[in-house]
Amino acid sequence: MFLFLFLILSCFSHFSLLAQFSGYTSSESSAYNAGLFSVGAGLRHQMSNLHGNTSFLMNSKTNSVDANIGTSQSRGSSSSFLLGGGGFYRLGEKWGVGVRLKPIYNRFFEADNRMENYALSGIVSYELTEYIYLGVNLGPSMSNRPGGYSSYSWNLSVSAGLILGKWNFGLIAESPGLYRFENYLGSEKLKERLPERMSVGAQYQINSEFFLYGELVRTFWERAMFSQNGIEEKPPFLLRDSYTGSLGIGYLPFPKLSLLTGITSVAYPTEEGVLYKSLGASIGASGEILPSVLGNGFWGGVYLQQTGLTGMISPYARETKVGFQFTHAWEPEIEKQEDIK
């Protein structure tokens with residue numbers, strides 16, 4: 001009898017110690033990128049590049065400061081706010097520096113699985129030629145889960161951009177870091193490595209009013225790690241399911257106004273090692289704000305996204321997301337001096 005009770009208790013103890021992987025998805029930041037439901041790997045726009053492909057920052061020929069805010073709703077509950085922002089300053093004809101605060105991964109629903117990951121990165125953008133641009137971003141990052149904040153880690157990303165006539169091509173490769181929690185769920189010790197990802201995108205300017213945009217993202221879910229109380233879990237995600245992509249179109253009815261829409265596939269990782277795919281759609285608008293009142297260079301953007309259009313898998317649920325962006329861009333002194341010459 002005692003042996004039987006001992007075996008039952010041992011089983012319960014074993015199951016309670018098993019690490020339970022808690023999934024997450026890519027965060028939205030720039031309203032311009034989110035309007036196309038993308039990370040902005042191949043986009044070339046001053047409202048996109050600080051939070052997307054930073055190599056193209058040198059192509060805009062402006063300095064800028066930026067602020068973003070976003071939120072989501074699911075099953076009648078609202079999330080906390082996703083915040084971001086930063087700035088960029090041209091130091092010469094070929095290079096410039098900046099800083100940005102950007103959400104990388106997140107999950108808000110259900111509350112027990114909440115997760116937010118942010119990176120504060122320094123930026124270097126370099127114009128190699130008039131066609132080729134390079135960018136490097138490096139800085140500390142931190143996650144938040146039920147029970148508190150993680151230790152600091154490092155977020156590193158590199159980007160490249162290519163301009164060929166009506167085509168823009170871009171690449172972003174990012175390593176988001178390894179994190180430790182001392183009080184996960186109140187008392188558990190957790191070590192978590194977030195998956196690296198690589199994004200490639202292409203933008204084609206059909207004419208002065210329309211452009212097409214496509215993006216492919218490879219998330220290295222097989223490298224994600226979730227170790228709770230020393231018990232490590234690496235769900236057996238399949239390579240073929242780790243690719244997602246988006247297609248979008250931009251319409252410019254006026255030179256400084258963009259209407260955007262996109263459709264994307266989203267991968268929802270589960271503790272069973274399944275990457276469940278569902279479609280999402282977005283609309284957005286970005287443009288200069290009342291230049292006759294505020295002055296030139298003040299831009300605003302807004303986006304609305306809907307996920308789970310083709311169904312969801314528990315415990316994930318369909319989400320409605322909305323966000324706003326404000327950007328101020330101005331011509332640096334170096335450009336003014338060149339104009340005078």
Side-chain angles (χ1 to χ4, degrees), residues 13-29 39 72 79-84 100-121 137-157 172-199 217-239 241-244 266-276 313-317 319:
S13 298
H14 173 73
F15 285 120
S16 65
L17 289 173
L18 287 179
Q20 295 295 308
F21 174 80
S22 178
Y24 34 80
T25 57
S26 178
S27 299
E28 289 73 37
S29 52
V39 299
S72 63
S79 74
S80 56
F81 290 111
L82 281 175
L83 303 175
R100 72 180 183 189
L101 174 67
K102 178 182 176 181
I104 307 300
Y105 287 108
N106 76 80
R107 180 174 175 182
F108 293 114
F109 312 101
E110 301 171 337
D112 287 347
N113 293 319
R114 176 179 53 82
M115 183 269 196
E116 298 168 84
N117 176 254
Y118 278 87
L120 178 64
S121 303
N137 316 304
L138 175 65
S141 54
M142 188 170 61
S143 292
N144 182 25
R145 280 193 175 277
Y149 290 91
S150 71
S151 61
Y152 288 95
S153 186
W154 291 97
N155 179 289
L156 170 65
S157 66
I172 302 173
E174 181 174 32
S175 176
L178 175 69
Y179 304 87
R180 291 175 173 83
F181 299 81
E182 295 299 322
N183 296 290
Y184 174 59
L185 297 176
S187 60
E188 307 293 297
K189 292 186 180 298
L190 173 66
K191 183 169 67 173
E192 180 176 34
R193 181 173 60 238
L194 302 182
E196 294 89 355
R197 60 185 176 184
M198 182 177 293
S199 311
V217 180
R218 163 74 158 100
T219 304
F220 294 84
W221 287 109
E222 70 275 14
R223 288 184 49 79
M225 183 269 291
F226 193 88
S227 176
Q228 186 175 336
N229 293 332
I231 300 176
E232 183 175 313
E233 182 178 0
K234 295 182 69 175
F237 296 116
L238 297 177
L239 174 64
D241 295 328
S242 62
Y243 292 89
T244 56
V266 183
Y268 295 92
T270 69
E271 61 191 44
E272 291 83 13
V274 174
L275 285 168
Y276 180 79
I313 187 172
S314 179
Y316 293 100
E319 291 184 51

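Values reported hereafter were calculated over all heavy atoms of this structure, with side chains retained and with hydrogens, waters and symmetry mates removed.
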Pairwise side-chain contact, [X] with [Y], heavy-atom cut-off 4.5 Å (strictly under):
X      : Y      : answer
Ile104 : Arg197 : yes
Asp112 : Pro146 : no
Asn144 : Arg114 : yes
Lys102 : Tyr118 : no
Glu222 : Pro236 : no
Met225 : Glu232 : yes
Thr270 : Pro235 : no

With rounding to the nearest 0.5 angstrom, report the [atom1] to [atom2] distance, [X] to [Y].
X      : Y      : atom1 : atom2 : result
Ser72  : Leu82  : OG    : CG    : 7.0 Å
Trp154 : Leu138 : CH2   : CG    : 6.0 Å
Leu194 : Ser141 : CG    : OG    : 8.0 Å
Leu83  : Glu116 : CG    : CD    : 9.0 Å
Ile231 : Leu190 : CD1   : CG    : 12.0 Å
Asn106 : Ser143 : CG    : OG    : 11.0 Å

Going by distance alone, is a donor N or O of one side chain under 3.5 Å from an acceptor N or O of the other, for [X] and [Y]?
X      : Y      : result
Ser29  : Arg100 : no
Asn117 : Tyr179 : yes
Asn155 : Glu174 : yes
Arg145 : Ser150 : no

Test your reading of the model: is there a side-chain donor-acceptor pair from [X] to the backbone of [Y], 3.5 Å cut-off?
X      : Y      : result
Ser242 : Phe220 : no
Asn229 : Lys189 : yes
Ser151 : Arg180 : yes
Ser153 : Leu178 : yes
Arg193 : Arg223 : yes
Arg107 : Phe109 : yes

Identify the heavy atoms of [X] and [Y] that sit nearest to each other, and give their distance.
X      : Y      : value
Pro103 : Ser27  : O-CB, 3.6 Å
Gly273 : Phe237 : O-CD2, 3.3 Å
Tyr105 : Pro176 : CE1-CG, 3.9 Å

For Trp221 together with Tyr24, are the ring centres under 6.0 Å from each other? yes
Is the Phe108 to Phe81 ring centre distance short of 6.0 Å? no
| request: Let me see the working for Thr244 and Arg218 under side chain to side chain donor-acceptor pair (under 3.5 Å), right down to the final yes or no. | output: CA-CA 7 Å; Thr244 56; Arg218 163 74 158 100; over 6 Å; no
Those residues at least two apart in sequence (or on a different chain) that pass ring pair (Phe, Tyr, Trp, His ring centres under 6.0 Å) with Tyr268 are Tyr316
Notebook entry, point to check: Stepwise, does the side chain to side chain contact (heavy atoms under 4.5 Å, CB included) test hold for Thr25 with Val266?
Noted result: CA-CA 8 Å; Thr25 57; Val266 183; 4.2 Å; yes
